[in-house]
Amino acid sequence: MASPSPKSPEQNEKTKQYDRQLRLWGDHGQAALENGHICLINATALGTEVIKSIVLPGVGSVTIVDDNTVSDEDIGSNFFLECSSKGLNRGSEALRFLIELNPAVQGHAVQEPPDQILQENPDFFKSFTVVIATALSEKTIQDLAQHLWDINVPFILCRSVGFLGSFRIQIKEHAVIETHPDNEQVDLRLDVPFQSLADYLNALDIEAVDLKDHGHIPWIVILYKAVQKWQVSNANSWPMSRKEKNEIKDLIQGFIRKDENGIPINEENFEEALRAVNTALVPTFLPVRIQELLYSSSATNLNKESSPFWIMCSALRGFVEAEGKGKLPVRGVLPDMTASTEHFIQLQNIYRSQAAMDAEIVYRKVQQIVAQLHCDSISEADVKLFCRHAHDLYLIKGSNIATEYQLGGSVASYIARYLEEPDVMMVHYILLRAAEMFRSEHCRAPGDWEPEGDISNLKTCVSKLLSDISCSPFPKDDHIHEMCRYGGAEIHSVSAFLGGCVAHEAIKIITKQYKPVNNMFIYDGSSTNTATFTF
Amino acid sequence: MASGETQSAEYQQRRWQHIRKLLERSGPFCHPDFEPSAEILDFIMNSCKVLVVGAGGLGCELLKDLALMGFKKIHIIDMDTIELSNLNRQFLFRKNDIGLSKAKCAVEFVNKRIPGCEAVAHHCAIQDLDEGFYRQFHIVVCGLDSIVARRWLNGMLMSLLQYNDDRSLDQSSVIPLVDGGTEGFKGNARVILPGMSACIECTLDLYPPQKTFPLCTIANTPRLPEHCVEYVKVIQWAKENPWGATTPLDGDDPQHVGWVLEKAQERAIKHGITNVTYRLTQGVLKNIIPAVASTNAAIAAACATEVFKLATSCCTNMNNYMVLNMADGVYTYTFNAERRPDCVACSNTTRVLEIESDATLQTIYDKLCEDQAYLMKSPGITTVINGRNKTLYMSSIKSIEERTRDNLKKKIADLGLFNGADILVADVTTPNTITIKLKFSDNIDVDMSR
Ligand SMILES: [Zn+2]
């Protein structure tokens, strides 16, 4: 039989391979990932687990910095080493097995200690999108964090000891346009309908249509009509209180048609309208978070170095103050609802065209700014995307890891507050720090040889940290004892959990989509607990 | 002792140094039964048999994680073969492996990378293996994407439970089940102690119902691009049979997807609908769930940690259900999912179905499909009348379906069912036939003892 041969716009091999993730971050997210260059310092089990989940989705390139040689213990916990790797450079060996996961990824290994690179060739780190480090000493952490802060390269510091783990994201400023919220607030403007919407809503008469059409009127129209009717006897105000909303519901009930016996006919669109009363009558307003963003100094004092995000924020502010009359551009998204195709598509087009017109105005303002500043142009598509997500823009202003080590006033009081609660996850943070301090004083992990003997020395480290933040000592030694039991062991499944999380956060940073952890994450595999702190 | 052996023993000591610290030392947060010793490592290496169900995104990770936690006797089941779209996360497979068995490829890779690992592959469906097979394992860990298969496996482990004469649970018959699942940036991991803690059937309400589009919307009032694709899939394909009446629509055949795309686009243009793309079309046809390496890595690792705790008692287990959301920061929440006292799978009690005495068999059928306690897919219903089996309705075999279809309309009394009668129900969601006692809700004097 002759088989039909449609014009098959078949996908290429790459889109097929990445199909399942392209549905999460889109082709533009993938393009950003493929331009990303990750640096890993120390190819521990945790380090290679991170890199694995960044190489698989297709990051551009990976550089591993590691001057260690492979030991038997490394092989025992790290999947990206082989028995034959023993005695060889750990970074080069791990790189070989990691790159093999995805031939599209470029790989480099640097067999130098990070301290040496920091001293001799600090510019080395400038080319990376994100630097990720594991198993660093206190001293190196501070030097590296300070340097990466100065050169504005995002940094993720990771730890894995026994059942405990943590990662800390250091990033000066991170703006997210596409946050992909689970529940996106609808933007319907029923309280302030723009002209084309008002024309459409006013032209419809829901009393006049026949029963079939009556069941196909979008709930937006029903709600609008109910409010209009309500406003006649309420001085044109807007229903806000529960009582007022119930009055709207009663009005909607009154719209429902009855059968010959006077029993209301079940109409899905009216049911939807009743359900929407509580959520869709929220008045249109400029969210405080967005207002703060638009009036922050980065958006009001632009210069040649200003990022596209701040230029677009500035243009957006111009729109809000002028054409927008205090409101953001129309989002242009209509949620699905029971309606005839004709009604739905017409209404959808009304919202979409208004959104396009609003975005066009913002784009013109962007072009003006770009011309004034003589900086790189910003595409219309980028401005459209920005306007589409203007209600959900998100900005992280990060802090320097080095301040965490100096335990200055605000960090100290922040930690102390959690310790007093007491929050066991903050106790874990202190123990991870204390173990690091122990390591720099004794050149080995607490409990490395045997647990009992190190308890008192680790306790000294804990006390030192606690006194630095003016906290009383822990009432019990159990967490100190447990840390000594771990003896610096790296448990593969704990590292694998953190590895997945850190890779995930790195991808968020590279693609500038979804909200990353802000900024300290603690994991306790023994109690299956996690916590996020903001230092 | 030969020096080679000593050397290798020493080497083993060094190689497993990390987990030995956890197993050979006691700590303040250990499980009360935990006694540190070198024998625990020996147990997980040489005695403990773990079954990994699924060799996909979670299965690949689990196999690696368990092998690096010291487990050697690992079996893995998967009936699927490797596809290109698996490679963004199923890290044990390469382009050269496309078309080969997932289970076999995964096992070959891990056994080669980790010397001493003795993983065994089963390239078949979980339903192809019997009680005797499942009974041999100490722990089962499951990384499936199908809820039906997960429920079947759960039912299998529950059916292995033995009860003592005093109706108490025989602890030695309990095979713990660790279950993981992911969807995009979200996932969950849980520990099930059959007969002791909530099982899959106890918590069916935790699975969101699959999103479906009403037929009248698809046919009469399409609004979304999905509606257009669904129309071509459900109505237009059967009408036009582009590759002949015997060729069903295959979401993996690019020619088929291309045809659906073209027709869906035609329908979309007719109705003013935009954005019907190849990716969307294939997503609707195959009901594709987004998946990424990182979420799978985290969930599988959480499961592996729990398997390690179960096998070694070095730490108390998660109690008992963790949800993970990595879309907004990284957020987890662990809670105690509660048992259903009347659970179809894990309670050792008689199941009772309340029904009106003048109901039809259809009512029973619908209850079995819609009631939160059952949520069956296509239950086959039989009963025993005068010592003889009588099939009341069964849809899985066409000839029987045709013969029994009329029974659905009949009143249950006309089919010989009475208050207190037992019906036997079989379904794809369970390996065993379930006995359910009918209770007439309008019958005041109920004698449930017969
Ligand atoms: Zn149950």
Side-chain angles (χ1 to χ4, degrees), chain A residues 1 3-4 6 8-11 16-21 23-24 49 52-53 56-57 72-73 75-77 79 82-83 101 163 180 216 336 339-341 344-345 451 478 481-482 485-487 489-494 496-497 499-501 503-504 507 514-515 517-518 521 525-526 528 530 532, chain B residues 11 14-19 21-22 25 27-29 61 64-65 68-69 84-85 87-89 91 113 115 184-185 221-224 242-244 254-255 258-259 262 271-273 278-279 283 288 290-295 297-298 301-302 304-305 308 315 318 322 326-330 332 334:
Chain A
M1 167 198 304
S3 69
S8 171
E10 219 200 305
Q11 299 163 292
K16 273 193 212 161
Q17 178 174 342
Y18 295 140
D19 178 82
R20 299 304 184 266
Q21 70 200 38
R23 292 168 191 276
L24 292 164
E49 289 300 311
K52 171 182 115 253
S53 295
L56 285 166
D72 289 329
E73 282 144 280
I75 296 165
S77 66
F79 191 72
E82 253 182 12
C83 287
L101 294 171
F163 281 119
H180 301 271
H216 282 148
D336 187 33
S340 65
T341 303
F344 183 84
I345 298 299
D478 47 3
H481 188 152
E482 181 75 355
R485 174 197 184 196
Y486 297 156
E490 181 169 13
I491 303 303
H492 183 81
S493 66
V494 173
F497 181 88
C501 293
H504 200 78
I507 291 168
Y514 298 90
K515 296 180 188 172
V517 164
N518 182 23
F521 180 85
S526 71
T528 322
T530 65
T532 300
Chain B
Y11 162 73
R14 280 199 308 275
R15 181 172 155 202
W16 300 105
Q17 180 72 41
H18 291 291
I19 51 175
K21 283 177 177 160
L22 285 185
R25 299 167 169 195
F29 303 109
E61 294 279 345
K64 170 210 67 164
D65 290 343
L68 286 170
M69 301 293 278
L84 180 56
S85 65
L87 303 188
N88 78 323
R89 61 196 186 284
F91 70 100
R113 180 65 58 87
F185 286 179
T221 57
R223 298 177 298 268
L224 307 179
W243 274 266
Q255 296 261 311
W259 189 85
E262 194 180 305
H271 289 97
I273 298 167
Y278 190 95
R279 188 173 295 157
I288 291 175
V292 59
S294 48
T295 317
T305 302
F308 184 74
C315 181
M318 169 208 297
M322 179 189 81
M326 302 167 92
D328 182 353
V330 177
T332 66
T334 306

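Side-chain atoms are counted along with the backbone in the values below, which use heavy atoms only and exclude waters and symmetry mates. So that the names make sense, note that chain A is the first sequence line, chain B the second, and so on, each numbered from 1.
Among B:T332, B:T334, B:V292, the residue making the largest number of heavy-atom pairs under 4.5 Å with chain A is B:T332. Considering only heavy-atom pairs separated by less than 4.5 Å from chain B, the leading option among A:G499, A:P451, A:C83, A:P57 is A:P451. Comparing B:T295, B:I273, B:V330 by heavy-atom pairs within less than 4.5 Å of chain A, the highest count is held by B:V330. Listed options B:E61, B:R113, B:R89 were ranked by heavy-atom pairs under 4.5 angstrom with chain A; first place goes to B:R113. Per-residue counts of heavy-atom pairs under 4.5 Å with chain B were compared for A:H216, A:Q17, A:Q21; the largest is that of A:Q17. With chain A as partner, the option from B:A293, B:A291, B:C315 having the largest number of non-hydrogen pairs under 4.5 angstrom is B:A291. For the set B:A302, B:G184, B:P222, the entry with the most heavy-atom pairs within less than 4.5 Å of chain A is B:P222. Interface check for chain A: of the options B:G27, B:A298, B:A297, B:G272, the most heavy-atom pairs under 4.5 Å are formed by B:A298. Per-residue heavy-atom pair counts under 4.5 Å with chain B were compared for A:K515, A:H481, A:E82, A:R20, and the maximum is reached by A:R20.
A cation-pi arrangement is absent between A:K52 and A:F79 under the rule of less than 6.0 angstrom and at most 45 degrees off the ring axis.
The part of B:P115 that comes within reach of chain A is its side chain, from C-beta onward, which places non-hydrogen atoms under 4.5 angstrom from that chain. Contact of B:I288 with chain A is made through the side chain alone, with heavy-atom distances under 4.5 Å. Within the 4.5 angstrom heavy-atom criterion, atoms from both the backbone and the side chain of A:D478 approach chain B. For A:I345, the part sitting under 4.5 Å from any heavy atom of chain B is the side chain, from C-beta outward, and nothing else. Residue B:M69 touches chain A through its side chain alone, counting heavy-atom pairs closer than 4.5 Å. Only the side chain of B:L224 comes within contact range of chain A, with heavy atoms under 4.5 Å apart. Interface residue B:T305: backbone and side-chain heavy atoms are both found under 4.5 Å from chain A. With a threshold of 4.5 angstrom between heavy atoms, B:M322 approaches chain A through side-chain atoms but not through N, CA, C or O. Looking at A:S526, the atoms closer than 4.5 Å to chain B (heavy atoms on both sides) sit in the backbone and in the side chain alike.
Counting only distance, with no hydrogens or angles, the side chain of B:H18 and the backbone of A:A489 share no donor-acceptor pair below 3.5 Å. A side-chain donor-acceptor contact under 3.5 Å links B:R223 to the backbone of A:A339. The backbone N or O of B:Q17 sits nowhere less than 3.5 Å from a side-chain atom of A:D72 that would complete a donor-acceptor pair. Not one N or O on the side chain of A:Y18 forms a donor-acceptor pair closer than 3.5 Å with the backbone of B:L87. In this structure a side-chain-to-backbone donor-acceptor pair under 3.5 Å is present from A:R485 to B:L22.
With respect to B:R25 and A:E482, no salt bridge is recorded, no charged nitrogen being found less than 4.0 Å from a carboxylate O.
Looking at B:S294 and A:H504, their side chains do bring a donor and an acceptor atom within 3.5 Å of each other.
Considering CZ of B:F308 and CD1 of B:I19, their distance stands at 5.0 Å, rounded to 0.5 Å. The line from CD of B:E262 to OH of B:Y278 is 13.0 Å long, rounded to the nearest 0.5 Å. The CG atom of B:D328 lies 12.0 Å from the NE2 atom of A:H180; values are rounded to the nearest 0.5 Å.
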